[in-house]
Number of protein chains: 2
Amino acid sequence: MNSFFNTPEEPMKTEHTMNSCTLNIAVENSFQSLSDEEMLLLENNLVVVNYKKGEILCKQGTLASHIMYICSGLVKIYMEKEGGSLILKVLPAGNLIGLTALLDNNNVFRYSAYAYQDCKVRLIDIRIFKQLLRQNIEFASQVINLLCENQIQTQTRFFAFTQKQSFGRMADTLMCLSNNIFKMDEFELPLSRKELAELTGLTPESVIRILSKFKSDKVIGIEGKIFTILDKEKLQQISEYG
Amino acid sequence: MNSFFNTPEEPMKTEHTMNSCTLNIAVENSFQSLSDEEMLLLENNLVVVNYKKGEILCKQGTLASHIMYICSGLVKIYMEKEGGSLILKVLPAGNLIGLTALLDNNNVFRYSAYAYQDCKVRLIDIRIFKQLLRQNIEFASQVINLLCENQIQTQTRFFAFTQKQSFGRMADTLMCLSNNIFKMDEFELPLSRKELAELTGLTPESVIRILSKFKSDKVIGIEGKIFTILDKEKLQQISEYG
DNA sequence: TGATGAACATGATACAGATCAATAAATATT
DNA sequence: AATATTTATTGATCTGTATCATGTTCATCA
C-alpha cells in the first residue's frame, strides 16, 4: 500500500510528540570539536569530583561557577520549593549539568542536582567554558544544538504532562527509564516511590497503586528495586492513551 | 532589622521561581551585534510577511525553512495533538519564533504559531541565520542567551503548573498577561475562554467559573474583552498560594 | 432581518487522584 | 541484636476539576 495516500483511518506513523523522555544525546561530540590546545585549556581548568550517592551536586539559587559533566553515575535534576518539587530530568553519564547558567549576568543554577548513585563529575570553570564558546564556533554550534535539544525535550515533556493522566504518565516514565536511561528491559531503580512521584507529578500513594496494577496486569515485574518491563507493547499503549 | 539574619519565620524575599511568565527580553539586541555587512546579508535574505488575525504562521511538524521575527502583533505558540493542545507561550512584538529548529539534522517546527492579531513578521532564511551564527561569535553568544532564557522560562512554567492548582494558575496567567505581554493594568484580551483554558491547562468551564469568582471578588474587572486588574496584591497572593 | 453557529455562562453530577490514617516492611542507628 | 526511623503498602474518604446538559448571548452570513 502506498503510504503517500493513506486514508484518514490509517494515519501515517506519528512521531513521539508526547513522551517525556530525557533525550540522551552524545554530549561527547560537543567536546570533540575542540582543538588539542583548547582541550588542554579545558583539562587544566577542570576539577574532577566524586560525589557519593545521596549528595547534592548543585543547589538551586546558588551561583553557578561551573558547568558539570557527568563521567559516571546517575543524577536527578529537580526544581524545589516549600510545598513540593519536580524532577525535571534524570541524567546518566555523558550529560552536562548547568548549561542554562551560561546566561549572561544571571549565572545562577535554576535547579538542584542530586546523585542517585556514586558519581564522577568534571567541574568545568564557567569562564573557561564561555571562553571556549567564544573562540571555537564549532563548539558554540554544538552547544546551541544541546540547548535546542533540551528545550524541545522540556516542552514535549510539559505537553505530555498536561495531556496524559496518571497511568499514562507512569507508563511513559517507565518506558523512558527503560529505553533511554538504563537501556535494558530489566534494571535496578535507585528511586524511591516518593521520587517516582516527583517524576510523574503524582503522590507516592498513587504511584504505588499504579505500579501494583501494572504488576498484577503482568505489564511489569517488580522485585525489590529490580524493575522488569514484561509487556512493552501494552506499556506503550497505556502511555499513549491520554 | 538586619535582613541578613532573618529568622526562619521571616524568610527572605524569594525570587519568582514559580510564575509562568513569558519572559520578554529584548531580542533586538541580538541583531545589534551584526556588522553592517552582515545586516545587509540578513536584509537581502529576508521576507516580510503580513499575517491576518487568525492565520497560522507555522505548523508543528513542518520543515522549518525560516526563523521568524515578530515586528508587530501578538502570536501564540502551541503544541497540538488530537485530544488537546497546550499554549506554550504568548509572544508580542520583538520576539523570535522557531529557534529550536536550529537543531542540526532535524530542523522541524516543534510547535505551531497562530496570529491573535494582525502581524508583521520577518522570515529569516534559516541557512542565513546559521551562517551568521558561524561567522559572528557575538551573535551566536546572544542566541545562546536567548535559548537559555527560553529554557529557564519553560522549566519554571512547567514547575508552576505542577505545583499550582486552578485558581493559582489563572491568577498567574492574568498577572503575566498584564505585566509582561500588555504592560498595562487594563488590556483587551484577544483570547477566547477556550484559549485561556489551553493556556492554563484547564477546561473552558473552569476558566469561566474562576474568572467569575475573581470578578465578584473585585480582583479583576471584565467588560467584554477588556480585562482590568483591580487588586494586584490579591492576585499575586492567589498566584502564589499553590 | 432572521437564522445559524460559535462563544459564554451556570448548574448538576461524576470521578481521578489527593489526603488521611493505619500497618508492614525495610533501613539506619545505637 | 534491639530500637528507631524512614519507606512501602493498603484502605477509607474527601475534594478539585472535568464532564455533561442546558440555556444565553454574541457574531456571521444568507
Side-chain angles (χ1 to χ4, degrees), chain A residues 52-55 76 82-87 114 116-117 160-174 188-217 220-227 238-239 241-242, chain B residues 52-54 76 83-87 114 116-117 160-174 188-217 220-227 238-239 241-242:
Chain A
K52 290 227 191 68
K53 180 182 161 173
E55 288 181 342
K76 76 163 168 179
E82 349 73 68
S85 43
L86 169 73
I87 299 179
Y114 167 99
Y116 278 135
Q117 305 167 343
F161 250 63
T162 63
Q163 304 293 317
K164 289 183 212 280
Q165 44 199 20
S166 63
F167 281 73
R169 299 225 284 254
M170 194 71 235
D172 181 7
T173 300
L174 290 172
E188 185 180 341
L189 190 69
L191 313 214
S192 68
R193 301 294 185 254
K194 179 158 174 290
E195 260 153 341
L196 276 174
E198 287 171 6
L199 197 52
T200 50
L202 302 168
T203 56
E205 291 95 325
S206 294
V207 167
I208 286 162
R209 274 181 252 271
I210 295 167
L211 288 179
S212 303
K213 185 69 177 17
F214 283 176
K215 192 177 177 186
S216 72
D217 288 355
I220 63 170
I222 312 177
E223 271 334 307
K225 296 219 158 295
I226 309 293
F227 282 64
I238 297 169
S239 161
Y241 108 92
Chain B
K52 289 228 190 70
K53 180 182 163 174
K76 76 164 167 180
S85 42
L86 170 72
I87 298 179
Y114 168 100
Y116 277 136
Q117 305 168 342
F161 250 63
T162 63
Q163 304 293 318
K164 290 182 212 280
Q165 45 197 23
S166 63
F167 281 74
R169 299 225 285 254
M170 194 71 235
D172 182 5
T173 301
L174 289 173
E188 184 179 343
L189 191 69
L191 313 217
S192 68
R193 302 293 186 255
K194 179 158 174 293
E195 259 152 343
L196 277 173
E198 286 171 9
L199 196 53
T200 50
L202 302 168
T203 55
E205 292 95 324
S206 293
V207 167
I208 287 163
R209 274 182 254 271
I210 294 167
L211 288 179
S212 303
K213 186 70 178 15
F214 283 176
K215 192 178 176 184
S216 72
D217 288 354
I220 62 169
I222 312 177
E223 272 332 309
K225 297 221 155 295
I226 309 293
F227 282 63
I238 297 169
S239 160
Y241 107 93

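Throughout, protein chains are lettered first and strands after them, A, B, ... in sequence-line order, and every chain is numbered starting at 1.
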Which whole-number value in Å describes the distance from [X] [atom1] to [N] [atom2]?
{"X": "A:L211", "N": "D:dT10", "atom1": "CG", "atom2": "P", "result": "11 Å"}
{"X": "A:R193", "N": "C:dA24", "atom1": "CZ", "atom2": "C1'", "result": "14 Å"}
{"X": "B:L196", "N": "C:dA9", "atom1": "CG", "atom2": "C1'", "result": "15 Å"}
{"X": "B:K194", "N": "C:dA9", "atom1": "NZ", "atom2": "C1'", "result": "17 Å"}
{"X": "A:I222", "N": "D:dT7", "atom1": "CD1", "atom2": "P", "result": "18 Å"}
{"X": "A:E195", "N": "D:dT6", "atom1": "CD", "atom2": "P", "result": "15 Å"}
{"X": "A:K213", "N": "C:dG17", "atom1": "NZ", "atom2": "P", "result": "13 Å"}
{"X": "B:I208", "N": "C:dG11", "atom1": "CD1", "atom2": "P", "result": "12 Å"}

Is the shortest side-chain heavy-atom distance between B:L211 and B:F227 below 4.5 Å?
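Yes, at least one pair of side-chain atoms sits under 4.5 Å.
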
Kindly list each side-chain donor-acceptor pair under 3.5 angstrom involving residues 199-209 of chain A, sequence neighbours excluded, with atom names and distances?
residue, atom, partner, partner atom, Å
A:T200, OG1, A:L196, O, 2.7
A:T200, OG1, A:A197, O, 3.3
A:T203, OG1, A:S206, N, 3.4
A:T203, OG1, A:S206, OG, 3.1

Taking all heavy atoms of [X] and all of [Y], pick out the closest pair and write down the distance.
{"X": "A:Q117", "Y": "A:P190", "result": "NE2-CG, 4.1 Å"}
{"X": "B:F214", "Y": "B:M170", "result": "CE1-CG, 3.9 Å"}
{"X": "A:F161", "Y": "A:R169", "result": "O-NH1, 3.0 Å"}
{"X": "B:A171", "Y": "B:S239", "result": "CB-N, 3.7 Å"}
{"X": "A:K76", "Y": "A:E195", "result": "NZ-OE2, 2.8 Å"}

Rounded to 10 degrees, the angle between the two terminal axes of the helix from C:dT1-D:dA30 to C:dT30-D:dA1, each from five pairs:
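So the angle between the two local helix axes works out to 40°.
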
Contacts of type salt bridge (charged side-chain N to carboxylate O under 4.0 Å, His left out), residue A:K53, not counting sequence neighbours
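Counting only residues at least two positions away or on another chain, A:K53 forms no salt bridge (charged side-chain N to carboxylate O under 4.0 Å, His left out).
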
Could you pull out all residues at least two apart from A:K194 that satisfy salt bridge (charged side-chain N to carboxylate O under 4.0 Å, His left out)?
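Once residues adjacent in sequence are excluded, the partners of A:K194 under the salt bridge (charged side-chain N to carboxylate O under 4.0 Å, His left out) criterion are A:E198.
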
Measure the spacing between CD1 of A:I238 and CG of A:D217 and express it to the nearest 0.5 Å.
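If we round to the nearest 0.5 Å, A:I238:CD1 and A:D217:CG are 7.0 Å apart.
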
Check the phosphate of D:dT9 against A:S212, side-chain N and O only, distance under 4.0 Å to OP1 or OP2. Yes or no?
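Answer is no, no contact under 4.0 Å.
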
Per-nucleotide protein contact string for nucleotides 15-26 of chain D (B base, S sugar-phosphate only, - none; heavy atom under 4.0 Å):
-SSSBB------

N/O-N/O pairs, protein side and nucleotides 25-28 of chain C side, under 3.5 Å:
none

Report the residues that fulfil side chain to side chain donor-acceptor pair (under 3.5 Å) with B:K225, sequence neighbours left out, ordered by chain and then residue number.
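B:K225 satisfies side chain to side chain donor-acceptor pair (under 3.5 Å) with no residue once adjacent residues are dropped.
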
